[in-house]
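Input: a single structure, listed below in structure tokens.
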Amino acid sequence: MKNIFDAPFIREMRAVTANMYRLGWDERNGGNISYMLDENEVAEYLDLNSVIRTIPTGFDAKELIGKIFIVTGTGKYFKNIDSDPENNLGIIRIAGDGTTAELLWGYSDGGRFTSELPAHLMSHISRLSVNPENRIIMHCHPDNTLAMTQVHEMDERKLTRTLWKQMTESIVVFPDGIGVLPWMVCGTNEIGKATAEKMKKYRLVVWTLHGIYGAGKDMDETFGLIETVEKAAIQYMLTAHLPKVNTITDDNLRALAKAFNLDYRKDFLD
Ligand code: 13P
Ligand code: ZN
């Protein structure tokens, strides 16, 4: 059996959470990540017949029975993951009943997975239904995206258009646009279901006055999506109160879509 601390998925979780913390996206215990792992790869590091304990999830994820995820712990700080991954992360497998998580590694102080597990697992189900390659769901609280939810209309078409017009790369990176949820109580099955519904159409979902969710096939894609939204939101927050002299027009966006052969939300343009 190989040493789990050498596993690429542990290294990736340590690196990305440290990076997100340094960017200010994950204050205190803010944010959470779930990453679907390959069973054969996990078996190189863990005895898959050895379950440390079982934890009820409180919802049915039968589409994910047998699937294994590495998930950040609830109440745990991204700041601390790199120095103590075994306490702040856990590897869980969805048991045969679809409603129980089998802990295979981690949460070493008796902890459990993020309170946002409903939004994560339900979003995995949605994304896998449109893209079987999807592996990551990432949630965080980036400053400018969050600030925008206080001052911008929270309408999917309007928010996406504004962000597309902040910088040329926006429509290239997220041509599918951004889903929006109104303010809701977090950590519930209700916000999980609402997020997953949006995830059938979008890889990005903004939670008003809370943060953002991203989905992708790997850490780079998922992180890159959120990073690009946040960059566009920075442009907006830096300039929203100033007279606009130059803007990206709808025709400019159409030209980008043509040049990059984008499958984009055409109904989001005038
Ligand atoms: P957890 O500590 O349970 O992951 O919650 C953090 C958070 O961002 C809630 O939305
Ligand atoms: Zn949050």
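In each ligand, atom 1 is the first atom listed, and ligand 1 is the first ligand listed. The first residue in the sequence is number 1, and the count goes up from there.
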Counting from 1, what ligand 1 atoms have a heavy atom of [X] closer than 4.0 Å?
| X | answer |
| --- | --- |
| His210 | 10 (O) |
| His139 | 8 (O), 10 (O) |
| Gly30 | 8 (O) |
| Asn32 | 1 (P), 4 (O), 5 (O), 6 (C), 7 (C), 8 (O) |
| Ser115 | 1 (P), 3 (O), 5 (O) |
| His141 | 8 (O) |

(message) Is it the case that the side chain of Asn19 and the backbone of Val16 share a donor-acceptor pair, with hydrogens and angles ignored and the cut-off at 3.5 Å?
(response) no
(message) For the residue pair Lys258 and Phe260, would you count it as a cation-pi contact if the rule is NZ or CZ under 6.0 angstrom from the ring centre and within 45 degrees of the ring axis?
(response) no
Distance to 0.1 Å, residue and atom name: give those for the protein heavy atom nearest to [atom].
| atom | answer |
| --- | --- |
| atom 6 (C) of ligand 1 | Asn29 O, 3.2 Å |
| atom 8 (O) of ligand 1 | Gly31 N, 2.9 Å |
| atom 10 (O) of ligand 1 | Glu116 OE2, 2.5 Å |
| atom 4 (O) of ligand 1 | Thr114 OG1, 2.7 Å |

(request) For residues Ser34 and His124, determine if any side-chain heavy atom of one lies less than 4.5 Å from a side-chain heavy atom of the other. (result) yes
(message) Which residue is it: Asn32, Asp109, Asn29, Thr17? I am looking for the one with a side-chain hydrogen bond (donor to acceptor under 3.5 Å, both in side chains) to Lys76.
(response) Asp109
Other residues, nucleotides, ligands: >12 heavy atoms within 6.0 Å of [X] [atom1]:
| X | atom1 | result |
| --- | --- | --- |
| Asn3 | CG | yes |
| Glu27 | CD | yes |
| Lys62 | NZ | no |

(message) Is it the case that ligand 1 has an N or O less than 3.5 angstrom from some N or O of Cys186?
(response) no
(message) Between ligand 1 and Lys76, is the shortest N or O to N or O distance under 3.5 Å?
(response) no
(request) Nearest 10° is fine: what angle sits at the Zn ion (ligand 2) between NE2 from His210 and NE2 from His141? (result) 100°
(message) Checking Ile33 against Met219 for the side chain to side chain contact (heavy atoms under 4.5 Å, CB included) test, could you report, in this order, the C-alpha distance in whole Å, the side-chain angles of both residues, the deciding distance, and whether it holds?
(response) CA-CA 10 Å; Ile33 299 178; Met219 285 297 178; 4.2 Å; yes
(request) Pick out which of Leu181, Leu146, Thr145, Thr149 makes a side chain to side chain contact (heavy atoms under 4.5 Å, CB included) with Trp207. (result) Leu181
(message) If the threshold is 4.0 Å, N to carboxylate O, is there a salt bridge linking Asp270 and Arg157?
(response) yes
(request) Would you mind telling me if ligand 1 is within reach of the side chain of Thr74, the backbone, both or neither, using heavy atoms under 4.0 Å? (result) both
(request) Could you check which N/O/S atom of His139 is closest to the Zn ion (ligand 2)? (result) NE2
